[in-house]
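Owing to the predicted nature of the structure, the values given are computational and were not obtained by experimental measurement.
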Amino acid sequence: QVQPVESGGGLVQPGDSLRLSCVASGSIFSSNAMAWYRQAPGNQRELVAAISTGSTTHYTAWVEGRFTISRENAKNTMYLQMNDLKPEDTAVYYCNTGGSVTWYTATSFHYSPSENWGQGTQVTVSS
C-alpha cells in the first residue's frame, strides 16, 4: 500500500489556526473511512476525528468544536482545520487511511485503523 502523506503543520501562537492535509492513494481514499490522530511527547497516539466514505464526521469529545475534518474526493485529500489552537494541541499529527468506523452514537464513536499511516506533521503551539 502507498502511505498517505501529511502536510500543513508548523509553529503557531495560541489562538491561531492551521489546516492539515493528508493525500492518499485513490483506491483507498474512495472506499474507506479515514482519521486523524495525534501524539504528544511522552503520550500515546490518540484519535482526533474520523470521516466516513459518505463524509459523516466524528470527533473526540475534547475537540469541542475547534477542529473540522473534511475530505475532497477529487483530490484524494483529507483535511483537518484546527482553530483556536492551544499549547496542549502541540503534537505530531498523523492520518490513517483505509480504516472503518465500526460504531457511533450521537456522542461517541469507534474507529478501527488500518496499517496505512503517514509520516506525521508537527504542530507546535507556543507563544
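- To the nearest 0.5 Å, atoms CH2 (W36) and OG1 (T121) are separated by 7.5 Å.
- When all heavy atoms of A33 and Y111 are compared, the closest pair comes out as O-OH, 3.6 Å.
- T124 and Q122 share a side-chain donor-acceptor pair at under 3.5 Å.
- Separation of atoms CG (N116) and CG (N32) is listed at 8.5 Å; rounding is to 0.5 Å.
- If you chain together hydrophobic residues whose side chains sit under 4.5 Å apart, Y79 and V5 never meet in one group.
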query: Would Q81 and S17 count as a side-chain contact (heavy atoms from CB on, under 4.5 Å) if you check the C-alpha gap in whole Å, the side-chain angles of each, and the deciding distance to 0.1 Å?
result: CA-CA 7 Å; Q81 176 68 41; S17 298; 3.9 Å; yes
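- With hydrogens and angles disregarded, a donor-acceptor distance shorter than 3.5 Å links the side chain of T77 to the backbone of K75.
- What you find for A24 and T97 is that their closest heavy atoms are CB-CG2, 3.7 Å.
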task: Please assess S52 against Y104 for the test side-chain contact (heavy atoms from CB on, under 4.5 Å), listing each intermediate value before the final yes or no.
output: CA-CA 11 Å; S52 70; Y104 65 92; over 6 Å; no
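- For the atom pair OG (S114) and CG (N96), the distance works out to 4.0 Å, reported to the nearest 0.5 Å.
- V123 and L20 get closest at one heavy-atom pair: CG2-CD2, 4.0 Å.
- In terms of the ring-ring contact (aromatic ring centres under 6.0 Å, His included) criterion, residue partners of F109 (sequence neighbours excluded) are, by chain and number, H58.
- Of the possible polar contacts, none joining the T60 side chain to the V63 backbone as a donor-acceptor pair under 3.5 Å is found.
- Applying the side-chain contact (heavy atoms from CB on, under 4.5 Å) criterion to T102, with sequence neighbours excluded, gives S100, H110, S112.
- To the nearest 0.5 Å, atoms CZ (R66) and CG (N83) are separated by 9.0 Å.
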task: List the steps, then state whether side-chain contact (heavy atoms from CB on, under 4.5 Å) holds for N76 with S25.
output: CA-CA 7 Å; N76 293 342; S25 66; over 6 Å; no
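- The only option from P4, S7, C95 that meets the side chain to side chain contact (heavy atoms under 4.5 Å, CB included) definition with S21 turns out to be S7.
- With sequence neighbours excluded, no residue forms a salt bridge (charged side-chain N to carboxylate O under 4.0 Å, His left out) with R71.
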Solution key, residues 42-50 side-chain donor-acceptor pairs under 3.5 Å, sequence neighbours excluded:
from : atom 1 : to  : atom 2 : distance (Å)
E46  : OE2    : R38 : NE     : 2.8
E46  : OE2    : R38 : NH2    : 3.3

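- Shown here are the ring-ring contact (aromatic ring centres under 6.0 Å, His included) partners of Y93, two or more places apart in sequence or in another chain: there are none.
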task: Check the pair Y59 / T57 against side-chain contact (heavy atoms from CB on, under 4.5 Å), numbers first and verdict last.
output: CA-CA 7 Å; Y59 298 95; T57 57; 3.6 Å; yes
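- Listed here is the closest heavy atom pair of S126 and L11: CB-CD1, 4.3 Å.
- The cluster map of Ile, Leu, Val, Met, Phe, Trp and Tyr, joined by side-chain heavy atoms under 4.5 Å apart, puts M82 and W62 in the same cluster.
- Both F67 and M78 sit in one connected hydrophobic cluster of ILVMFWY residues. Membership requires side-chain heavy atoms under 4.5 Å apart, directly or through other members.
- With T90 contributing its side chain and P87 its backbone, the two residues share a donor-acceptor pair below 3.5 Å.
- Not counting sequence neighbours, the partners of V12 by the side-chain contact (heavy atoms from CB on, under 4.5 Å) test are D16, L18, L85, V125.
- The CE atom of M34 sits 12.0 Å away from the CG atom of L80 when rounded to the nearest 0.5 Å.
- Remark: side-chain polar atoms of Q3 are not paired, donor with acceptor, to backbone N or O of G118 under 3.5 angstrom.
- Under the 6.0 Å cut-off for aromatic ring centres, Y37 and W117 qualify, their centroids lying closer than that.
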